[in-house]
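Comments concern the structure below.
Since the structure is predicted, the reported quantities are computational estimates derived from the model, not experimental observations.
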Amino acid sequence: MLECAAAMLESTPYRELTVTDISREAGTSPATFYQYFVDMETAMLVLAEQVADQGAQLSGLVGDRPWRGVTGWRGAEVLVDGFLSFWTNHQPVLRVVDLLTEEGDQRFRRARVRMLNAITRALAAVIEEAQTRAGRSAELEPMAMAGALVSMLAHVAAHQPGFESWDIHVSELREAMVRLVFWGVTGPKVPRVI
């Protein structure tokens, strides 16, 4: 039933999706749906948690590689490509997560935070290591930079079709995000404002 619900979200807005529609698509009855889920939001929460578990694994894309030179650049590419692919593959469910988070549902907010927290912490550790290595440990709070970068990645990845409709191609967005992630981790040194 959850697979059917996720597939149906690709063409049916969440607010228009019904238990009857999902049950019919799954070849079962609404009574069967209600044996597993209290209501539609409960089913969506299970989907959200599944996607959040997969999204938390994006932290593995940061890797243990050094983030200098070509290796760092390749690391930034892997991270950006991972975000773009993940959001493309899970866009329907992530739209529901964002919608219900914005509406104040703390269950969906927690799933979203859990999903992005792992990657934020992994990226912060890399940023801290790069700053320490460069002797700039007090220059910038690593979690602040990591949070800004992860927010950018998630937002841009979520709005790929919108950018395309404005003639901003995903390949160009990808290049911009790779540069921002690489610079966010490695520098460049920012001039001091007097």
Side-chain angles (χ1 to χ4, degrees), residues 1-63 78-124 143 146-166 168-171 173-174 177 181:
M1 282 186 280
L2 289 174
E3 288 176 14
C4 288
M8 293 176 77
L9 285 171
E10 291 183 32
S11 59
T12 306
Y14 166 67
R15 298 284 186 218
E16 294 177 17
L17 193 60
T18 67
V19 170
T20 303
D21 295 336
I22 294 170
S23 301
R24 186 178 305 127
E25 185 71 22
T28 188
S29 69
T32 303
F33 179 95
Y34 288 115
Q35 285 179 341
Y36 296 98
F37 310 107
V38 174
D39 55 18
M40 185 65 107
E41 280 188 0
T42 306
M44 290 300 113
L45 183 60
V46 171
L47 278 173
E49 289 173 346
Q50 290 174 350
V51 170
D53 289 342
Q54 294 173 30
Q57 295 175 20
L58 289 170
S59 63
L61 299 178
V62 173
V78 166
L79 181 58
V80 169
D81 290 343
F83 259 86
L84 292 173
S85 295
F86 179 77
W87 250 262
T88 298
N89 294 336
H90 300 286
Q91 184 71 32
V93 174
L94 290 167
R95 266 195 317 262
V96 174
V97 170
D98 286 346
L99 170 69
L100 296 176
T101 296
E102 285 296 315
E103 290 181 353
D105 191 316
Q106 293 302 306
R107 301 169 301 168
F108 287 87
R109 181 186 174 281
R110 282 190 294 275
R112 190 173 199 285
V113 167
R114 184 168 47 87
M115 177 177 66
L116 297 177
N117 193 37
I119 183 67
T120 302
R121 290 188 180 282
L123 197 54
M143 279 296 284
L149 290 172
V150 169
S151 294
M152 180 242 345
L153 289 167
H155 186 79
V156 173
H159 293 89
Q160 293 174 67
F163 283 110
E164 286 283 347
S165 72
W166 304 328
I168 303 170
H169 302 289
V170 172
S171 61
L173 285 169
R174 177 193 177 273
M177 290 192 300
V181 168

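- Between Trp87 and Phe83, the two ring planes are parallel [angle under 30°; tilted spans 30° to 60°].
- For Asp39, the side-chain contact (heavy atoms from CB on, under 4.5 Å) test picks out Glu41, Thr42, with sequence neighbours left out.
- Considering only heavy atoms from C-beta on, Glu164 comes within 4.5 Å of Val170 through its side chain.
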Test log, rule side-chain contact (heavy atoms from CB on, under 4.5 Å), inputs Phe33 and Thr28: CA-CA 8 Å; Phe33 179 95; Thr28 188; 6.0 Å; no
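- A salt bridge is absent between Arg95 and Glu102; no separation between the charged side-chain nitrogens and carboxylate oxygens falls under 4.0 Å.
- Note that CZ of Arg112 is 6.5 Å distant from OG1 of Thr101, once rounded to the nearest 0.5 Å.
- When atom types are taken as modelled, the side chain of His159 and the backbone of His155 share a donor-acceptor pair closer than 3.5 angstrom.
- Between atom OG1 of residue Thr120 and atom CE of residue Met143 there is a gap of 6.0 Å, rounded to the nearest 0.5 Å.
- The nearest pair of heavy atoms linking Ala6 to Val93 is CB-CG2, 4.2 Å.
- Shown here for Ala26 and Cys4, the closest heavy-atom pair between the two residues is CA-SG, 3.6 Å.
- With Asn89 contributing its side chain and Ser85 its backbone, the two residues share a donor-acceptor pair below 3.5 Å.
- In this structure, CG in Leu153 is found 8.0 Å from CD1 in Ile119, a value given to the nearest 0.5 Å.
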Leu45/Leu100 under side-chain contact (heavy atoms from CB on, under 4.5 Å): CA gap, chis, key distance, verdict: CA-CA 10 Å; Leu45 183 60; Leu100 296 176; over 6 Å; no
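- Atom CZ of Arg114 sits in a crowded spot, with more than 12 heavy atoms from other residues, nucleotides or ligands closer than 6.0 Å.
- In this structure, the side chain of Gln160 engages the main chain of Ala157 through a donor-acceptor pair within 3.5 Å.
- Residues forming a side-chain contact (heavy atoms from CB on, under 4.5 Å) with Tyr36 (at least two apart in sequence, or on another chain): Met1, Thr32.
- To the nearest 0.5 Å, atoms CG (Leu99) and CG (Leu94) are separated by 12.5 Å.
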Candidate pair Arg24 and Asp21, rule salt bridge (charged side-chain N to carboxylate O under 4.0 Å, His left out), full reasoning: CA-CA 5 Å; Arg24 186 178 305 127; Asp21 295 336; 3.7 Å; yes
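- Interatomic distance, Glu25 CD to Thr12 OG1, rounded to the nearest 0.5 Å: 9.0 Å.
- When every heavy atom of Glu10 is checked against every heavy atom of Pro92, the shortest pair comes out as CG-CG, 3.3 Å.
- For Leu58 against Gly82, the heavy-atom pair with the smallest separation is CD2-O, 3.9 Å.
- Although no hydrogens or angles enter the test, the distance criterion places a donor-acceptor pair under 3.5 Å between the side chain of Ser165 and the main chain of Gly162.
- Rounding to the nearest 0.5 Å places CE of Met44 at 12.0 Å from CZ of Arg107.
- Other residues, nucleotides and ligands place no more than 12 heavy atoms under 6.0 Å from the CD atom of Glu3.
- The two residues Val51 and Met115 come nearest to each other via the heavy atoms O-SD, 4.2 Å.
- The two residues Ala118 and Ala56 make their nearest non-hydrogen contact at CB-O, 3.6 Å.
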Verdict with reasoning, Met177 to Leu84, per side-chain contact (heavy atoms from CB on, under 4.5 Å): CA-CA 10 Å; Met177 290 192 300; Leu84 292 173; 3.6 Å; yes
